[in-house]
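Working notes, beginning with the structure itself.
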Amino acid sequence: MTHALALFTALLLSAHWGMGFPEEGKPPVIDTTAEHLRQFDAVHIGSGEEKTVYLTFDAGYENGNTGKILDTLKEKGVRAAFFIVGHFAEAEPALVRRMADENHIIGNHTKNHPDMSKITDPDAFRRELDGLDEAVRKATGSGAAKYYRPPAGVYSEKNLKMAQKLGYKTVFWSLAYVDWKENSQPPHGAAMDKLTRRVHPGAVVLLHTNSSTNAAILGGLIDQYREMGYGFGTLDELFAGNVP
């Protein structure tokens, strides 16, 4: 197969992670199934047998909000997962060390945040993950955890297989909202409304650390989830036995 044909085939098989919420308090509708994802060691949601929420954050760059988020997580006694990119690890080693020191999971969001579905060469794919791992190792003394999140949620089955072969588990999400636009942040009330109305047992929640709204509402969100009867789990716990 020529390189051009291989690339064309990969693009045909690529997908952009998306969700629909036809019913409040219930898991979203997705374009695939949990069973299909499981064969690649990939998940987007917990089992739903218990009211557990898994907080995850994507960190591409720092603008003064990550420290506030870490403060809140420490105050509330909640462990989260941070999927970081190379720029963040290299520019903010102190924050990365703090994540590790406070027992949060540091996941792999790739070195350069490319469209990974366009990468068909296994060595090139590996370099993206290894590059981030090395940046985390320089900041903390140990590498990132073996959890991978495709940038922008764009992936292909070939990508999932390559990540799996490298020992990674792929983590998508089942609850998110438009929070990453720094200059167009959602109002606090609207953000709380979406994140509470759409929460569901086993929810893997995706938030972005550059969001000032997230930094402001996180404490109240954690409190509200607890008032609704939810507890908080880690990705280690999710993969240990709570995957559907």
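For reference, positions follow the sequence shown, starting with 1.
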Rounded to the nearest 0.5 Å, how far does [atom2] of [Y] lie from [atom1] of [X]?
X      : Y      : atom1 : atom2 : value
Thr196 : Glu24  : OG1   : CD    : 8.5 Å
Leu95  : Ile84  : CG    : CD1   : 9.5 Å
Leu175 : Leu206 : CG    : CG    : 8.5 Å
Lys169 : Leu238 : NZ    : CG    : 11.0 Å
Tyr54  : Leu235 : OH    : CG    : 9.0 Å
Leu207 : Asn214 : CG    : CG    : 4.5 Å

With a 6.0 Å cut-off on the ring centroids, do [X] and [Y] count as close?
X      : Y      : answer
Tyr148 : Phe125 : yes
Phe172 : Tyr155 : yes
Phe88  : Phe82  : no

Test item: [X] and [Y] side chains (from C-beta on) under 4.5 Å apart, heavy atoms:
X      : Y      : value
Thr213 : Tyr177 : yes
Ser174 : Pro28  : yes
Leu37  : Thr32  : yes
Trp173 : Trp17  : yes
Met192 : Leu221 : yes
Pro186 : Val178 : no
Pro151 : Met116 : yes
His44  : Ile30  : yes

Does a sphere of radius 6.0 Å around CD in Glu102 hold more than 12 heavy atoms from other residues, nucleotides or ligands, not counting ones at 6.0 Å or beyond?
yes
Ignoring hydrogens and angles, state whether a donor on the side chain of [X] or [Y] is under 3.5 Å from an acceptor on the partner side chain.
X      : Y      : result
Asn112 : Glu128 : yes
Asp115 : Ser117 : yes
Asn108 : Tyr147 : no
Arg149 : Thr56  : yes
Tyr230 : Glu50  : no
Gln164 : Asp41  : yes
Ser211 : Gln185 : yes
Glu157 : His36  : yes

Could you please spell out the steps behind the side-chain contact (heavy atoms from CB on, under 4.5 Å) verdict for Leu73 and Arg79?
CA-CA 7 Å; Leu73 293 171; Arg79 291 178 61 200; over 6 Å; no
Quick one, Val199 with Met228, criterion side-chain contact (heavy atoms from CB on, under 4.5 Å). Give me CA distance, side-chain angles, the key distance, then yes/no.
CA-CA 10 Å; Val199 72; Met228 296 169 71; 3.6 Å; yes
Without swapping roles, check the side chain of [X] against the backbone of [Y] for a donor-acceptor pair under 3.5 Å.
X      : Y      : result
Glu62  : Asn65  : yes
His104 : Ala80  : yes
Lys146 : Leu166 : yes
Thr52  : Gly48  : no

Please state whether the rings of Phe21 and His200 are parallel, tilted or perpendicular, taking 30° and 60° as the class boundaries.
tilted
Should the ring pair Phe232 and Tyr225 be called parallel, tilted or perpendicular, given that the plane angle runs from 0 to 90° and is split at 30 and 60?
tilted
For [X] and [Y], work out which heavy atoms get closest and say how close.
X      : Y      : result
Ala135 : Glu90  : CB-CG, 4.2 Å
Val136 : Gly143 : CG1-C, 3.8 Å
Lys158 : Thr120 : CE-O, 3.0 Å
Gly60  : Val85  : O-CG2, 3.4 Å
Gly86  : Leu132 : N-CD2, 3.5 Å
Gly46  : Val204 : N-CG2, 4.4 Å

ILVMFWY network linking Phe239 to Phe40, side-chain heavy atoms under 4.5 angstrom:
yes
Under the side-chain contact (heavy atoms from CB on, under 4.5 Å) criterion, do Val53 and Val205 qualify, and how do the steps go?
CA-CA 7 Å; Val53 169; Val205 182; 3.6 Å; yes
Should the pair [X]-[Y] be classified as a salt bridge under the 4.0 Å nitrogen-to-oxygen rule?
X      : Y      : result
Arg197 : Asp193 : yes
Asp133 : Lys111 : no
Asp123 : Arg126 : yes
Arg98  : Asp71  : yes

Result for side chain to side chain contact (heavy atoms under 4.5 Å, CB included) between Tyr61 and one of Glu182, Glu92, His208 points to Glu182
Could you please spell out the steps behind the salt bridge (charged side-chain N to carboxylate O under 4.0 Å, His left out) verdict for Lys194 and Asp179?
CA-CA 11 Å; Lys194 282 188 176 181; Asp179 63 343; over 6 Å; no
Walk me through it: do Ile217 and Leu195 pass the test side-chain contact (heavy atoms from CB on, under 4.5 Å)?
CA-CA 10 Å; Ile217 71 171; Leu195 291 169; 4.0 Å; yes
